[in-house]
Amino acid sequence: MRNRFMKFSASVLGVAAMASVLSCTTQQQESPMKAKVEEYAQVELKSDLVNGLNDKEKELVKIFFQVGEITDDLFWKQTFGDKSVLDTLTDSYAKKFAMIQYGAWDRLDNNKPFLPGYGEKLDVCNYYPHDITAEEFDALEDENKDSWYTVIRRNADGSLKSVWYHEEYADEIGRICALLEKAVTLAEDPGLKNYLQKRIEAFKTDDYLESDLAWMDMKDSKVDFVTGPIESYDDKFRETKASYESFILLKDETRSKDLAKFVSMLPALQKELPCEPQYKTFVPGTSSDLNVYDAVFYAGDCNAGSKTIAINLPNDERVHAMKGTRRLQLRNSMKAKFDKIMMPIGELIVTPEQQKYLNFDAFFWNVTFHEVAHGLGVKQTVNTNESVDAVMGTEKTSWEEAKADILGLFMVTKLVEMGEITNITAEDAITTYIAGILRSVRFGAASSHGKANMMCFNYMEKAGAFTRDAQGQYVIDFQKAKEAMNGWAALILKTQGDGNVEFATKYRAENGGITPELQADLDKINSVGIPRDITFIQGKDVLFGETK
């Protein structure tokens with residue numbers, strides 16, 4: 001693979017050497033990185049829901065902040081190396097941007113390096129030896145080599161071995177578990193207490209199944225803490241190694257009750273999917289949660305580059321089959337993105353006559369059912385009964401995200417037609433969805449999400465879902481948009497159900513890029529200073545109004 005022989009990386013260059021490489025002679029006010037930093041709108045991450053917590057719950061949250069900071073350091077170690085090299089930067093804007101990106105590569109610009117001394121981002125990050133080859137990995141006879149929770153290292157003789165995370169990161173894991181032991185003594189909610197106890201064992205053993213099941217059963221706690229090695233977006237070598245992250249979340253109990261009815265409707269919605277019957281035989285679990293939260297802390301993977309606004313976990317398909325998943329909508333983060341980014345884009349790019357269809361409620365429903373859609377569709381290949389994820393290989397994430405995008409829109413429009421969602425129209429959902437793709441496309445086409453966004457956008461455009469008027473603004477044909485939605489959903493489900501990774505690879509290569517016409521639209525958006533994403537001012541002092 002093209003990145004594995006790069007000469008420079010953060011973990012192999014010493015701090016002293018980096019000091020000379022990274023020193024910047026440009027004056028602060030003239031920093032070329034200032035504009036990059038200002039592409040991210042700053043948002044204070046706070047919530048009025050904290051006022052509803054009792055004293056023990058507030059103490060729990062403070063412990064979770066400490067755990068989150070450790071997982072943040074672990075993510076740096078996994079994907080970049082020793083972040084202390086950033087202290088050698090004399091350009092404060094370069095340092096700020098590196099902290100936003102968790103490294104030297106711009107995650108929203110196809111991972112282009114922005115610090116001197118760095119080449120392209122390694123596909124292997126620090127999960128594997130930097131000089132590993134695909135052939136060498138394939139030849140390794142080790143049943144744990146593709147575990148989510150192992151790194152690959154070399155023995156003294158140069159041969160490969162797998163090492164469990166709890167061994168590789170023993171010091172950090174020890175500190176995390178000690179803090180969580182304190183949290184257990186404070187937890188009054190039985191579900192939260194059980195989850196924390198089982199999560200401690202999971203950190204120690206790298207067996208997360210029981211703690212994931214316990215998290216699924218945690219129904220009533222006002223405080224939620226998502227923590228551990230969870231997503232595998234940064235491993236571009238195998239797309240298997242999980243990155244550490246943490247979310248601290250406060251439950252919006254009133255809004256959550258409004259969403260509860262939709263969980264029981266999931267099996268019926270699965271039967272309505274616009275595809276052939278053999279591609280919708282999976283029966284989704286109905287133990288799933290569909291709840292609304294305010295996020296009060298992001299750490300590690302979820303805080304790198306673009307910010308997550310909804311969660312659909314756990315990722316373990318065994319949990320999906322037994323209990324489903326929990327879908328957590330991060331409403332305060334979602335509202336910040338809509339107000340600062342989404343609505344300004346819509347007002348610029350959508351024809352004035354159709355701007356009335358842009359609204360936050362439609363954005364909320366589209367994002368919510370994107371997460372629901374991960375639990376629908378097809379999980380096993382139709383003919384061979386293999387895991388779709390396993391068969392799709394390095395195409396799995398981009399096609400799964402594309403599925404969630406379009407099935408989310410399908411479900412929202414279906415529920416509007418059924419009278420179950422009453423505060424928006426189908427036109428609201430479709431218009432806000434198309435404008436939302438432009439928001440997401442600005443994250444770049446290098447990530448799995450970016451490829452998914454581009455495949456969705458290009459399919460919709462080719463199907464005539466929208467055209468550009470004389471002013472270059474989008475005019476949506478709602479009938480063609482619905483037809484495109486159904487056709488794209490059917491193609492994705494068939495590709496996954498057939499396990500047709502060859503077609504998936506070819507289609508994504510041909511349709512997963514930014515066209516010149518779209519680039520012109522993005523240039524227009526960028527030229528008026530609309531933020532690309534948000535970054536958080538966060539921490540205990542922000543949430544509680546106290547110093548650390």
Checklist entry - Among Leu140, Val124, Asp123, which residue meets the side-chain contact (heavy atoms from CB on, under 4.5 Å) test with Ile132? => result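 Answer to the side-chain contact (heavy atoms from CB on, under 4.5 Å) test with Ile132 among Leu140, Val124, Asp123: Val124.
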Item to check | Result of checking Ile200, Asn194, Leu196 against Lys198 for side-chain contact (heavy atoms from CB on, under 4.5 Å) | outcome: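 Answer after filtering Ile200, Asn194, Leu196: Asn194.
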Specify the closest pair of heavy atoms between [X] and [Y], including all atoms of both residues, with the distance to one decimal.
| X | Y | result |
| --- | --- | --- |
| Ser256 | Val292 | OG-N, 2.9 Å |
| Arg199 | Ser211 | NH1-OG, 2.9 Å |
| Lys307 | Gly305 | NZ-O, 2.6 Å |
| Glu395 | Ala504 | OE1-O, 3.7 Å |
| Pro274 | Ala489 | CG-CB, 3.8 Å |

Next on the checklist: When you measure from the centre of the six-membered ring of Tyr279, is the NZ or CZ of Lys494 closer than 6.0 Å and no more than 45° off the axis?
Outcome noted: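 Here Lys494 fails the 6.0 Å and 45° test against Tyr279.
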Would you indicate whether [X], at its atom [atom1], is surrounded by more than 12 heavy atoms from other residues, nucleotides or ligands within a distance under 6.0 Å?
| X | atom1 | answer |
| --- | --- | --- |
| Asn54 | CG | yes |
| Lys58 | NZ | yes |
| Lys271 | NZ | no |
| Glu141 | CD | no |
| Glu420 | CD | yes |
| Lys340 | NZ | no |
| Asp138 | CG | yes |

Next on the checklist: As a quick check of understanding, evaluate side-chain contact (heavy atoms from CB on, under 4.5 Å) for Lys204 and Glu201, giving each step before the final call.
Outcome noted: CA-CA 5 Å; Lys204 290 179 179 178; Glu201 289 305 308; 4.1 Å; yes
So, [X] and [Y]: side-chain donor and acceptor under 3.5 Å apart, yes or no?
| X | Y | answer |
| --- | --- | --- |
| Lys241 | Thr150 | yes |
| Asn315 | Glu231 | yes |
| Glu400 | Gln496 | yes |
| Glu239 | Thr397 | yes |
| Thr227 | Thr71 | no |
| Thr432 | Asp428 | no |
| Asn312 | Thr325 | yes |
| Thr205 | Asp207 | no |

Measure the acute angle between the ring planes of [X] and [Y], then classify it against the limits of 30° and 60° as parallel, tilted or perpendicular.
| X | Y | answer |
| --- | --- | --- |
| Phe137 | Tyr128 | perpendicular |
| Tyr244 | Tyr165 | tilted |
| Tyr195 | Trp215 | tilted |
| Phe360 | Phe338 | perpendicular |

Hey, is [X] close enough to [Y] for a salt bridge, meaning N to O under 4.0 Å?
| X | Y | answer |
| --- | --- | --- |
| Arg331 | Asp294 | no |
| Asp234 | Lys121 | yes |
| Asp212 | Arg318 | no |
| Arg175 | Asp171 | yes |
| Arg153 | Glu168 | yes |

Checklist entry - Run the side chain to side chain donor-acceptor pair (under 3.5 Å) check on Asp301 and Ser243 step by step: do they pass? => result CA-CA 6 Å; Asp301 184 42; Ser243 300; 4.6 Å; no
In Å, rounded to the nearest 0.5 Å, how long is the span from [atom1] of [X] to [atom2] of [Y]?
| X | Y | atom1 | atom2 | value |
| --- | --- | --- | --- | --- |
| Gln42 | Phe536 | CD | CZ | 11.5 Å |
| Gln278 | Thr381 | CD | OG1 | 12.5 Å |
| Ile311 | Cys302 | CD1 | SG | 7.0 Å |
| Asp541 | Lys46 | CG | NZ | 9.5 Å |
| Glu57 | Lys62 | CD | NZ | 13.0 Å |
| Asp142 | Ser159 | CG | OG | 10.5 Å |

Checklist entry - Any chance the rings of Trp164 and Tyr149 have centres within less than 6.0 Å? => result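 No, ring centres 6.0 Å or more apart.
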Checklist entry - Does the gap between the ring centers of Phe75 and Tyr102 come in under 6.0 Å? => result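 Under 6.0 Å, so yes.
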Checklist entry - What do the steps show when you test Glu172 against Lys77 for side-chain contact (heavy atoms from CB on, under 4.5 Å), and what is the final call? => result CA-CA 11 Å; Glu172 292 91 344; Lys77 182 179 287 189; 2.6 Å; yes
Checklist entry - Looking at residues at least two apart in the chain, or sitting in another chain, which of them share a ring-ring contact (aromatic ring centres under 6.0 Å, His included) with Trp148? => result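 For Trp148 there are no ring-ring contact (aromatic ring centres under 6.0 Å, His included) partners, ignoring immediate neighbours.
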Checklist entry - Excluding sequence neighbours, so at least two apart, what forms ring-ring contact (aromatic ring centres under 6.0 Å, His included) with Phe64? => result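 ring-ring contact (aromatic ring centres under 6.0 Å, His included) check on Phe64 returns Phe225.
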Checklist entry - Applying ring pair (Phe, Tyr, Trp, His ring centres under 6.0 Å), which residue pairs with at least one partner in residues 245-271 are found, sequence neighbours left out? => result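 Qualifying pairs: Phe247-Tyr298, Phe262-Trp365, Phe262-Phe369.
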Checklist entry - Is there side-chain contact between Asp339 and Lys335, with heavy atoms separated by less than 4.5 Å? => result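 Yes, close enough: below the 4.5 Å cut-off.
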Checklist entry - Is there a side-chain contact between Val378 and Lys280 (heavy atoms, below 4.5 Å)? => result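 Val378 vs Lys280: side chains apart.
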Item to check | Residue pair Ser221, Lys251: steps toward the side-chain contact (heavy atoms from CB on, under 4.5 Å) verdict | outcome: CA-CA 8 Å; Ser221 178; Lys251 188 174 183 179; over 6 Å; no
Item to check | Stepwise side-chain contact (heavy atoms from CB on, under 4.5 Å) check, Leu269 with Leu415 | outcome: CA-CA 9 Å; Leu269 288 168; Leu415 288 166; 4.3 Å; yes
